Amino acid sequence: MYIILHGECAKWKEEEYFMQVMDDIDFRILRTLQSKGNLNAADVSKHVGLSQSPVWRRIARMEEDGIIKDRPVILDPKKLGFETVVFVRIKLSAHGRQSIEEFAIKAAKVPEIQVVQLLMGEIDFRLRVIVRDLDHFYELMNRELVTLPGVQEIQSSVLLHEYKNTRALPV
């Protein structure tokens with residue numbers, strides 16, 4: 001982003017720009033949307049103490065600026081038959097950029113894999129996998145995970161209970 005200052009062009013970091021143009025009301029809007037993502041501008045306006053039109057404009061601006069990325073529908077996995085979450089740690093046999101990208105692209109295409117994270121340390125990738133049960137995971141591991149490019153080692157842990165799961169930021 002470039003801003004004209006006294007006839008000169010200066011580049012600002014996006015974070016600095018956002019902190020300059022956002023105020024307390026914007027942060028109240030963000031907190032409200034994070035806690036109740038399905039609210040419309042009229043409902044949000046009641047929570048933040050501002051009329052509907054300015055709230056709608058602020059939300060639209062934050063969406064346009066990329067601060068608000070999405071307001072997804074959250075499904076209940078258990079009601080849809082997905083009872084088991086498995087965290088899979090993958091160590092690759094090669095660590096070149098091409099190997100890492102190839103693995104990440106192929107892993108991201110597997111529907112049961114919800115999260116693909118590249119790590120620094122002994123393990124190269126961490127995957128969050130959701131399956132119906134352990135038989136489903138065993139089938140997925142043999143059909144998909146072991147055939148992903150460059151896999152040298154697979155470790156897995158089954159989630160027993162989740163005490164907190166949020167994507168909300170502490171704004």
Side-chain angles (χ1 to χ4, degrees), residues 14-15 18-19 22 24-49 55 59 62-63 65-95 97 99-171:
E14 284 187 5
E15 307 88 48
F18 290 133
M19 298 319 285
M22 292 182 64
D24 184 54
I25 293 172
D26 290 325
F27 287 107
R28 287 196 317 234
I29 290 170
L30 291 175
R31 282 191 292 275
T32 301
L33 288 174
Q34 281 191 136
S35 65
K36 300 174 178 99
N38 61 342
L39 297 179
N40 60 31
D43 295 329
V44 173
S45 69
K46 293 174 188 170
H47 283 85
V48 300
V55 166
I59 291 171
M62 288 187 282
E63 287 174 338
D65 288 346
I67 295 168
I68 298 173
K69 289 185 162 197
D70 199 3
R71 289 192 251 173
V73 172
I74 306 296
L75 304 177
D76 184 332
K78 292 189 185 231
K79 289 185 179 177
L80 294 169
F82 294 96
E83 299 283 336
T84 305
V85 174
V86 182
F87 294 102
V88 180
R89 293 167 307 285
I90 304 281
K91 186 173 187 174
L92 299 181
S93 56
H95 293 92
R97 186 176 68 177
S99 303
I100 289 170
E101 288 177 12
E102 185 181 3
F103 176 87
I105 289 168
K106 298 264 179 157
K109 290 180 180 177
V110 177
E112 291 91 345
I113 298 176
Q114 294 183 304
V115 177
V116 178
Q117 298 171 320
L118 176 63
L119 304 176
M120 183 170 63
E122 290 183 35
I123 299 299
D124 298 308
F125 281 92
R126 186 179 88 137
L127 312 176
R128 185 178 196 274
V129 178
I130 189 155
V131 289
R132 297 188 188 291
D133 52 32
L134 289 177
D135 289 336
H136 183 185
F137 177 70
Y138 180 76
E139 175 191 317
L140 177 77
M141 188 175 70
N142 287 321
R143 186 186 75 235
E144 299 280 353
L145 299 181
V146 297
T147 65
L148 289 170
V151 171
Q152 176 182 332
E153 183 180 323
I154 297 177
Q155 300 172 7
S156 58
S157 301
V158 176
L159 176 68
L160 294 178
H161 184 75
E162 194 162 61
Y163 291 97
K164 182 177 182 179
N165 181 351
T166 182
R167 296 191 63 161
L169 297 175
V171 294

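Nothing here was measured: the structure is a model prediction, and the numbers come from that model.
Taking both residues in full, the closest heavy atoms of Ser157 and Arg89 are given as OG-NH1, 3.1 Å, listed atom of the first, atom of the second, then distance. When all heavy atoms of His95 and Ile100 are compared, the pair lying nearest together is O-CD1, 3.6 Å. The two atoms that bring Ile123 and Ile90 nearest to each other are CG2-O, 3.4 Å, heavy atoms only. Closest approach of Thr166 and Ala168 over heavy atoms only: OG1-N, 2.9 Å. The two atoms that bring Ser45 and Ala42 nearest to each other are OG-O, 2.6 Å, heavy atoms only. Taking all atoms of both residues into account, the shortest heavy-atom contact from Leu39 to Leu33 is O-CD2, 4.2 Å.
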(message) Please evaluate residues Met62 and Met22 with respect to the criterion side chain to side chain contact (heavy atoms under 4.5 Å, CB included), reporting the C-alpha separation (whole Å), side-chain torsions for both, the decisive distance (0.1 Å), and the verdict.
(response) CA-CA 9 Å; Met62 288 187 282; Met22 292 182 64; 4.0 Å; yes
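Summarising the geometry, atom CG belonging to Asn142 is positioned 9.5 Å from atom CZ belonging to Phe137; distances are rounded to the nearest 0.5 Å. Taking CD of Glu153 as the reference point, atom NZ of Lys91 lies at 6.0 Å (rounded to 0.5 Å). The CG atom of Asp135 lies 12.5 Å from the CG atom of Leu140; values are rounded to the nearest 0.5 Å. For the atom pair CG of Asp26 and CG of Asp65, the computed distance is 9.5 Å after rounding to the nearest 0.5 Å. Taking CD1 of Ile29 as the reference point, atom CD1 of Ile68 lies at 8.0 Å (rounded to 0.5 Å). Taking CG of Leu92 as the start and CD of Glu102 as the end, the distance is 10.0 Å to the nearest 0.5 Å.
Considering only heavy atoms from C-beta on, Glu112 stays 4.5 Å or farther from Glu144 through its side chain. For the pair Glu83/Asp133, no side-chain contact is recorded, criterion being any heavy-atom separation below 4.5 Å from C-beta on. Taking 4.5 Å as the limit, every side-chain heavy atom of Val86 sits out of range of all side-chain heavy atoms of Met141. Contact annotation: the side chain of Phe125 never approaches that of Val151 to less than 4.5 Å [non-hydrogen atoms, C-beta and beyond]. Residues Val110 and Val116 are not in side-chain contact: their nearest non-hydrogen atoms beyond the backbone lie 4.5 Å or more apart.
Side chain of Arg126 to backbone of Phe87: no donor-acceptor contact under 3.5 angstrom is found. The closest donor-acceptor contact from the side chain of Gln114 to the backbone of Ile130 lies at 3.5 Å or more, if one exists at all. A donor-acceptor pair under 3.5 Å is absent between the side-chain atoms of Arg128 and the main chain of Val115, judged by distance alone. Under a 3.5 Å cut-off, the side chain of Arg132 and the backbone N or O of Leu80 do form a donor-acceptor pair.
When each of Val85, Leu134, Val131 is checked for a side chain to side chain contact (heavy atoms under 4.5 Å, CB included) with Val158, only Leu134 meets the rule.
Counted within 6.0 Å of CD on Glu122, heavy atoms from surrounding residues, nucleotides or ligands total 12 or fewer; the atom is thus considered open.
With respect to the salt-bridge test (charged N to carboxylate O, under 4.0 angstrom), the residues Lys78 and Glu162 do not qualify.
Residues satisfying the side chain to side chain donor-acceptor pair (under 3.5 Å) test with Glu139, not counting sequence neighbours, are Arg143.
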